[in-house]
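Here the structure is a predicted model, which means the values were calculated and not measured. Chain letters run A, B, ... following the sequence lines, proteins first, then strands; residues in each count from 1. What you see below is based on every heavy atom in this structure, not just the backbone, and it leaves out hydrogens, waters and symmetry mates.
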Protein chains: 2
Amino acid sequence: MHRHEGHDACRSDAPDMLARAEALCRERGLQFTPLRRDVLEAVAESDKAQGAYDIAERLSVPGKRVAPVSVYRALDFLMEQGLVHRIASRNAFIPCAHGHAPGEGVIFLICRSCGAVDEASSADVEGGLERTLERAGFTPTHSILEVEGDCGACRKRARTP
Amino acid sequence: MHRHEGHDACRSDAPDMLARAEALCRERGLQFTPLRRDVLEAVAESDKAQGAYDIAERLSVPGKRVAPVSVYRALDFLMEQGLVHRIASRNAFIPCAHGHAPGEGVIFLICRSCGAVDEASSADVEGGLERTLERAGFTPTHSILEVEGDCGACRKRARTP
DNA sequence: TCTGGCGGTGATACACTGTAACAAACCCGC
DNA sequence: GCGGGTTTGTTACAGTGTATCACCGCCAGA
Ligand SMILES: [Zn+2]
Ligand SMILES: [Zn+2]
Ligand SMILES: [Zn+2]
Ligand SMILES: [Zn+2]
């Protein structure tokens, strides 16, 4: 398993995130447009999962409104490029600070008190899941694993108030 | 792991499902009202995951309309009692034909071609997940694991058309 | 018997999430 | 410049879920 160490290095490092994204798009011959940049920046600005409408509102300024549909399109693009994840149990989105290996499963750790979403992965879990699916005669194309609970920081905070 | 054998015994056996539900409610001192019965029956009638609005429409007859909000309330009740599951990736609901042990994890196998949803569980996966969460300092309260892919029947059908 | 509480339901309205369709703008190679 | 693909703007709409209040039925307790 790899849990990414130094949680800070991961989220809230929007500039790095943007640079990575731009490089990745250039490399793949895709357009890293201003809208896509802004949406990614907005997602990366918080370590909480954010809804598409929240992002749209955040990007809107009195003179210039960003419609949710535009945000959805940008998010679709960013998800295809592996730059953001969708949290199905929250209908919300987080930036991805990992370059996941293709087919690598991701485990989302969603803190119910602070709302932060962390990513982990586990060869154990993945191996067990593969075996289970094979025994069930099921050929997977995509899977989601989301865990809700209390993150270490919040648990500590609760113990020593 | 236990995969329930005889997929037929599981879904589409609405009468059994209803009898189980009624017994369970009586045992717990809860009301198995006509609305709850009807909603459970509607959910159990298909092996596909069904949306709340589909259920509402199915239960509505010219003279008597069942509002989605009523369906949601019944579904909330049925979920609390462990009689139905919500499939987060589909915003839809399936009947539960298993009496899950408390805290037992469930794996949902969602066929993308026929839409059927099967349940499985795996001690391997659960153990691996527990270890991963502990190492991450995360205390889980609830987790969802949903896999999309092709079920055995559909794969076979595709091979021999 | 009356009455007050309580859980369940009906009904309306509303908030939130996501997509379809079409037009306009943009980019890029010919 | 022209033609064709991609991106964005705009509007409308479909789908999902919740808040609120009123009403009903039941049952315990006065
Ligand atoms: Zn990631
Ligand atoms: Zn937390
Ligand atoms: Zn179940
Ligand atoms: Zn199938």
Side-chain angles (χ1 to χ4, degrees), chain A residues 21-22 24-26 28-43 48-81 83-94 115 144 146, chain B residues 21-22 24-26 28-43 48-81 83-94 115 144 146:
Chain A
E22 187 168 4
L24 184 147
C25 286
R26 187 162 29 231
R28 297 182 185 170
L30 302 170
Q31 307 182 35
F32 191 57
T33 65
L35 175 64
R36 290 169 178 174
R37 203 205 74 96
D38 291 348
V39 169
L40 179 56
E41 188 178 35
V43 173
K48 294 188 189 15
Q50 295 180 79
Y53 277 65
D54 298 332
I55 297 169
E57 193 174 354
R58 176 185 301 220
L59 293 184
S60 292
V61 290
K64 173 93 180 153
R65 170 182 122 90
V66 176
V69 62
S70 297
V71 174
Y72 276 109
R73 286 191 286 227
L75 287 171
D76 286 342
F77 172 85
L78 295 169
M79 279 192 290
E80 277 168 20
Q81 306 313 316
L83 292 165
V84 314
H85 296 294
R86 183 179 139 79
I87 307 297
S89 59
R90 296 280 180 113
N91 297 324
F93 303 83
I94 60 165
I144 65 173
E146 302 179 6
Chain B
E22 187 167 5
L24 184 148
C25 287
R26 187 161 32 231
R28 297 180 186 171
L30 301 171
Q31 306 180 36
F32 191 58
T33 64
L35 176 64
R36 291 169 179 174
R37 201 205 75 94
D38 290 349
V39 169
L40 179 56
E41 188 178 36
V43 173
K48 294 187 186 23
Q50 294 180 80
Y53 277 65
D54 298 332
I55 297 168
E57 192 175 353
R58 176 184 302 220
L59 293 183
S60 292
V61 291
K64 173 93 180 151
R65 170 183 122 92
V66 176
V69 62
S70 297
V71 174
Y72 276 110
R73 286 191 288 228
L75 287 171
D76 286 343
F77 172 84
L78 295 169
M79 279 192 290
E80 277 168 19
Q81 305 315 315
L83 293 165
V84 314
H85 296 293
R86 182 178 140 79
I87 307 297
S89 59
R90 295 281 180 111
N91 297 323
F93 302 84
I94 60 166
I144 64 174
E146 303 178 5

If I take atom [atom1] in residue [X] and atom [atom2] in nucleotide [N], what distance separates them, rounded to the nearest angstrom?
{"X": "A:Leu35", "N": "C:dC26", "atom1": "CG", "atom2": "P", "value": "14 Å"}
{"X": "B:Arg36", "N": "C:dG7", "atom1": "CZ", "atom2": "C1'", "value": "8 Å"}
{"X": "B:Ile55", "N": "D:dG15", "atom1": "CD1", "atom2": "C1'", "value": "14 Å"}
{"X": "A:Met79", "N": "C:dT17", "atom1": "CE", "atom2": "P", "value": "14 Å"}
{"X": "A:Leu40", "N": "D:dT7", "atom1": "CG", "atom2": "P", "value": "16 Å"}
{"X": "A:Asn91", "N": "C:dG18", "atom1": "CG", "atom2": "C1'", "value": "9 Å"}
{"X": "B:Gln81", "N": "C:dG8", "atom1": "CD", "atom2": "C1'", "value": "14 Å"}
{"X": "B:Asp54", "N": "D:dT16", "atom1": "CG", "atom2": "P", "value": "7 Å"}

Practice prompt. From the options C:dT9, D:dT7, C:dG7, select the nucleotide whose nearest atom is closest to the side chain of B:Gln31.
Written response: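 From the listed options, C:dG7 comes nearest.
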Worksheet item: The side chain of B:Ser70 lies closest to which of these nucleotides: D:dG17, C:dG10, C:dG8?
Response: C:dG10
Discussion item. Please classify the nucleic acid contact of B:Arg86 as base, sugar-phosphate, or nothing, using heavy-atom distances under 4.0 Å.
Written reply: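 Sugar-phosphate only.
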Worksheet, complete the sentence: Nearest-nucleotide check on DNA chain C, A:Ala52 vs B:Ala67; residue mapping nearer the 5' end is B:Ala67
Worksheet item: Starting at the 5' end of DNA chain D, which residue's closest nucleotide do you reach first, B:Val69 or B:Tyr72?
Response: B:Tyr72
Worksheet, complete the sentence: Rounded to the nearest 0.5 Å, the CZ atom of B:Arg90 sits from the CD atom of B:Glu146 at a distance of 9.0 Å
Using a 4.5 Å cut-off on heavy atoms from C-beta on, say whether the side chain of [Y] contacts that of [X].
{"X": "A:Phe32", "Y": "A:Arg37", "value": "yes"}
{"X": "B:Phe77", "Y": "B:Gln31", "value": "no"}
{"X": "B:Val66", "Y": "B:Leu35", "value": "yes"}

Worksheet item: What heavy-atom pair brings A:Val84 and A:Leu75 nearest, and what distance separates the two atoms?
Response: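 Between these two residues, the closest heavy atoms are CG2-O, 4.1 Å.
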Practice prompt. Report yes or no: is there a donor-acceptor pair, N or O only, under 3.5 Å between the side chain of B:Arg73 and the base of D:dG17?
Written response: no
